[in-house]
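First up is the structure itself, then whatever we jot down about it.
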Amino acid sequence: MPEQLKSARDDLEQAEKTADDDEVREDIRETADAFADYVHGDHEPDHAIMDQHLNDLRQLSERIDGDTEDRLESALESAEEYREGIDQA
């Protein structure tokens with residue numbers, strides 16, 4: 001199980017709980033669900049997919065603050081760490 005993605009998913013679930021905006025909550029939930037699929041499924045994301053998730057998280061971080069931003073930043077760090085460990089094809 002990719003621990004970095006599990007950690008990122010956990011942080012995103014917490015960020016979702018603290019987000020004030022419904023659209024932001026939905027965007028966070030989508031990425032958290034994708035990470036949950038990778039953690040529990042039999043497939044892993046490639047570089048392009050992870051880059052898209054990272055880009056989504058970076059864009060979200062510009063729309064939030066406070067506890068939500070802290071959790072999202074932690075999730076972003078974990079996801080970036082996971083991305084660095086993906087083997088190049």
Output for pair (Ser78 OG, Glu3 CD), nearest 0.5 Å, gives 10.5 Å

**Message:** Under a plain distance cut-off of 3.5 Å, with no hydrogens placed, do Asp11 and Ser74 share a side-chain donor-acceptor pair?
**Reply:** yes

(message) If we count only N and O atoms by modelled type, under 3.5 Å, do the side chains of Asp10 and Gln14 hold a donor and an acceptor together?
(response) no

Heavy atoms of Ala8 and Ala79 approach each other most closely as CB-N, 4.2 Å

task = Indicate yes or no: does Arg29 engage Glu26 in a salt bridge with an N to O separation below 4.0 Å.
result = yes

Heavy-atom nearest pair, Pro2 first then Tyr82, reads CB-CE1, 3.5 Å

In short, Val24 meets Ala19 closest at the heavy-atom pair CG1-CB, 4.0 Å

Heavy atoms of Ser61 and Glu69 approach each other most closely as O-OE2, 3.9 Å

Residues Lys6 and Val39: closest non-hydrogen pair is N-CG2, 3.6 Å

Criterion side chain to side chain contact (heavy atoms under 4.5 Å, CB included) on Thr68 and Asp20, from CA distance to verdict = CA-CA 9 Å; Thr68 305; Asp20 294 333; over 6 Å; no

- Task: In sequence, state the C-alpha distance, the side-chain angles, and the governing distance for Gln4 and Glu84, and then conclude on side chain to side chain contact (heavy atoms under 4.5 Å, CB included).
- Result: CA-CA 11 Å; Gln4 294 98 342; Glu84 290 173 6; over 6 Å; no

### Query
Between Lys17 and Glu13, is there a salt bridge with N-O shorter than 4.0 Å?
no

For Ile86 and Met50, the nearest pair of non-hydrogen atoms, with its separation, is CD1-CG, 3.6 Å

Donor-acceptor contact below 3.5 Å, side chain Thr31 vs main chain His53:
no

- Query: Are Leu76 and Glu73 close enough, and set up right, to give a side chain to side chain contact (heavy atoms under 4.5 Å, CB included), and what steps lead you there?
  - Reply: CA-CA 5 Å; Leu76 185 57; Glu73 289 295 329; 4.1 Å; yes

Output for pair (Asn55 CG, Leu60 CG), nearest 0.5 Å, gives 10.0 Å

